[in-house]
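Below is one structure; the comments refer to it alone.
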Amino acid sequence: MEFKLFTYTVITIILALSLSFFTSTSSNNFLDCISQRNLSNVVFTPNNTSYSTILQSTIQNLRFDTPKNPKPLAIITPLTYSHVQSTIICSVQFKHQIRIRSGGHDYEGLSYTSYENTPFILLDLNQLRSVTVDLSTNTTWVESGATLGELSYMVSRKSNVLGFPTGECTSVGVGGQLSGGGFGTMARKYGLLADNVVDALLVDVNGRILDRDLMGEDLFWAIRGGGGGNFGVVLSWKINLVYVPPKVTVFTISKMLDANGTKIVHKWQYIAHNLTEDLFINLVVSPVQVSNTTILAVTFNSLFLGTKNELIATMNDRFPELGLQEKDCIEMSWIESVVYHSVYLKGQSVDALIERRPWPKNYSKFKSDYVKKPISEETLEKIWKWCLEENLILAIEPHGGKMSEIDESSTPYPHRKGNLYIIQYVMQWNEGFNTTKEHVASIRRVYEKMTPFVSNNPREAYVNFRDLDLGTNGNACGTGYLQALRWGNKYFMGNFKRLAMVKGKVDPINYFCNEQSIPPLPVPDY
Ligand code: FDA
């Protein structure tokens, strides 16, 4: 018995030593490959003093910024497209996985860490962030490393009547936002941000740069909502800009969730998806402190693409229960409304959009659901109780309008007609990593209780609100198509098979893989 244990221990040590030798040898070879291609000035290894600062710079979720989280063998911060090509060529050659990071807001940290101890390289696109606006075609080319705030700012500097359906968090990266779809305050008028992309440049698994013509329509379809990190590195995107009036109107109204507050939310479910496409009203349900007691409040945030008077007339006609008054309404330019809706920048000048200030960091876990039938007042009351017990926030965004007009297979985002709204469950805490288990258990409990009231078969989810509870790829991205259907069906429904077939065609070796990446489905030769 003792001899067996000894033999086992010796074998384990030999294996560990040979693995570390292999790892360091192959990483040296990788670094040699990179330096032969003149990338030395953009490579940061753990020996470099800037390594940790760069790694942590855009980690949004502190849950994945602990000493236990696997760290990259090297971070590459490309300054040119050829740097990206060289990184892909060398890491494919030396079989290192890659993590692609634009803004670092991935809810499960998939852009900068790994859940296994597989060596990986972090390709951080932070420095690739130029924005070029072309007023002759009303389009813009934007590099993936730009934030939504930077893009909004640059567009607004060129025109006060052009914009794009941006998201509500201005520090989110363009690369991740577009890869998963991109929902925001103009979605009811213009769809997702990805619905407005007309061209892109991508580095594929062979290190080639492909534009829309070269990549073909299948791959171009897949990258506009099929989820980040699946098909290649998207360098830049060409977006059709849309008309915004010189003056828009915003309001924020909070109500306590007593009987009357619940009635208003109940009514909102019937009208928010049905209003004029110019009007967007979302809800945030959150616990607030009122003289030593925690109660729930609901906040209605709105963007109206028109004047104060038009808004008040519409609200009096369609949603008088909210009691909107002139004093609640503020007219401003579209770019000012981007700052207004970016919660943490509210009240600051538009210049704050290009200061690259991160959204306040905390520990967090998110989940999502789609609702197709209004929830009764009685059930809403129960939901408030669960949120209060678990200290959970709900961010609820209306669909309808343009979102319902776009066919569910036109991009990989399938949650179109028939959806009243999406619920985002938000669990955030600052007590440190040690309390992760209980907070994650809390959000899971509420999600479980919500089952009868949300979409089913499948229970749909939004890929940009990444949730590994829905299923993962297991070791070394090894899961096949059938197992991945478990989560793939929820994010993409009928589009999942097409995504897997595109993957099979453009990345048959499954190089671009992570815990929840699309598995390659072999494409038959006809
Ligand atoms: P990050 O860099 O972490 O990338 C996310 C994923 O995309 C990763 O898998 C990554 O590998 C991949 N990826 C990144 N760049 C890529 C590239 N160039 N090529 C290929 N793959 C790439 N969403 C929304 O629709 N509307 C909203 O209003 C909000 N609001 C919001 C607020 C806050 C505070 C957070 C933290 C998140 C949101 N989101 C959101 C969700 C957000 O859209 C989602 O997390 C995005 O994937 C983040 O994109 P980043 O580039 O910042 O993330």
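Values below: all heavy atoms of this structure, side chains included; hydrogens, waters and symmetry mates excluded. In this text the structure is predicted, and so the values were computed from the model without any measurement. Whatever order the structure lists ligands and atoms in, that order sets their numbers, starting from 1.
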* To do: Using a 4.0 Å heavy-atom cut-off, say whether S102 meets ligand 1 through its side chain, its backbone, both or neither.
  => both
* Between the side chains of Y112 and N69, is a donor N or O closer than 3.5 angstrom to an acceptor N or O? -> no
* **Distance filter under 4.0 Å to S144 heavy atoms, resulting ligand 1 atoms** => 18 (N)
* Asked: If you count the atoms of ligand 1 from 1 in the order shown, which ones are under 4.0 Å from a heavy atom of R101?
  -> 2 (O)
* **Chi angles and distances behind the ring pair (Phe, Tyr, Trp, His ring centres under 6.0 Å) call for F465, Y107** => CA-CA 6 Å; F465 297 163; Y107 284 165; 5.7 Å; yes
* Asked: Taking only residues two or more places apart in sequence, or in another chain, which ones meet E108 in a side chain to side chain contact (heavy atoms under 4.5 Å, CB included)?
  -> R63, F64, D106, L110, Y115, K365, R466, D467, L468
* Report yes if V234 has an N/O atom closer than 3.5 Å to an N/O atom of ligand 1; otherwise report no. => yes
* **Test item: I89 and R37 side chains (from C-beta on) under 4.5 Å apart, heavy atoms** => yes
* **G104 N/O to ligand 1 N/O under 3.5 Å** => yes
* **Shortest heavy-atom approach to atom 10 (C) of ligand 1 - which of I100, N464, V463** => I100
* For R466 and ligand 1, answer yes if some heavy atom of the residue is under 4.0 Å from a ligand atom, otherwise no. => yes
* Please state which part of N61 comes within less than 4.0 Å of ligand 1, counting heavy atoms only: side chain, backbone, both or neither. => neither
* Asked: Which residue from G176, S111, G181 reaches closest to atom 46 (C) of ligand 1 through any of its heavy atoms?
  -> G176
* May I ask you to check if ligand 1 and H105 share an N or O to N or O distance below 3.5 Å? => yes
* Go through the steps for F496 and Y481 under the test ring pair (Phe, Tyr, Trp, His ring centres under 6.0 Å), then give the verdict. => CA-CA 9 Å; F496 186 57; Y481 173 75; 5.4 Å; yes
* Asked: Is the closest heavy atom of F465 to ligand 1 under 4.0 Å?
  -> yes
* Quick one: do Y243 and W334 satisfy ring pair (Phe, Tyr, Trp, His ring centres under 6.0 Å)? Show the steps, please. => CA-CA 10 Å; Y243 172 75; W334 171 73; over 10 Å; no
* **T45 side chain to N48 side chain, donor-acceptor N/O pair below 3.5 angstrom** => no
* Would you say the side-chain atoms of T276 pair up with the backbone N or O of D278, donor to acceptor, closer than 3.5 Å? -> yes
* Heavy atom of G182 under 4.0 Å from ligand 1? -> yes
* Structure fact -> In this structure, atom 12 (C) of ligand 1 is nearest to the protein heavy atom G228 CA, 3.4 Å
* For atom 38 (C) of ligand 1, the protein heavy atom that lies nearest, with its residue and separation -> Y107 OH, 3.4 Å
* Taking only residues two or more places apart in sequence or in another chain, which ones pass side chain to side chain contact (heavy atoms under 4.5 Å, CB included) with I330? -> V250, M332, Y340
* Asked: Does one side chain, of N240 or N196, offer a donor that lies under 3.5 Å from an acceptor on the other?
  -> no
* Y462 heavy atom under 4.0 Å from ligand 1 -> yes
* Structure fact -> Among non-hydrogen protein atoms, atom 26 (N) of ligand 1 lies closest to F183 O, 2.7 Å
* In terms of atom number and element, which parts of ligand 1 are under 4.0 angstrom from non-hydrogen atoms of G175? -> 15 (N)
* Is the closest N or O pair between W359 and ligand 1 shorter than 3.5 Å? -> no
* Structure fact -> atom 23 (N) of ligand 1 sits nearest the protein heavy atom Q177 OE1, 3.4 Å
* Asked: Between N61 and S364, do the side chains contain an N or O donor and an N or O acceptor separated by less than 3.5 Å?
  -> yes
* **Those atoms of ligand 1 less than 4.0 Å from some heavy atom in L125** => 18 (N)
* To do: Please check if any side-chain donor atom of E438 sits under 3.5 Å from a side-chain acceptor atom of T435, or the reverse.
  => no
* To do: Give the residue and atom name of whichever protein heavy atom lies nearest to atom 28 (O) of ligand 1, and the separation in Å to one decimal.
  => E168 N, 3.0 Å
* **Taking atom 5 (C) of ligand 1 as the reference point, the nearest protein heavy atom with its distance** => D106 OD2, 3.6 Å
* If you have a sec, work out which protein heavy atom is nearest atom 21 (N) of ligand 1 and how many Å separate them, to one decimal? => G229 N, 3.0 Å
* Asked: Any cation-pi pair here, R416 with Y413, using under 6.0 Å and within 45°?
  -> no
* **Among S342, C169, S368, closest by any non-hydrogen atom to atom 31 (C) of ligand 1** => C169
* Would Y153 and T170 count as having a side-chain donor-acceptor pair, cut-off 3.5 Å? -> no
* Heteroatom proximity flag, G103 to ligand 1, N/O under 3.5 Å -> yes
* In ligand 1, which numbered atoms sit nearer than 4.0 Å to a non-hydrogen atom of G232? -> 19 (N), 20 (C)
* Structure fact -> min-distance protein heavy atom vs atom 52 (O) of ligand 1 -> G173 N, 2.8 Å
* Any donor and acceptor pair, going by atom type alone, linking the side chain of W268 with main-chain N or O of I281 inside 3.5 Å? -> yes
* **Heavy atom of G145, distance to ligand 1 below 4.0 Å** => no
* Asked: Do you see a donor-acceptor pair shorter than 3.5 Å between the side chains of E168 and N282?
  -> yes
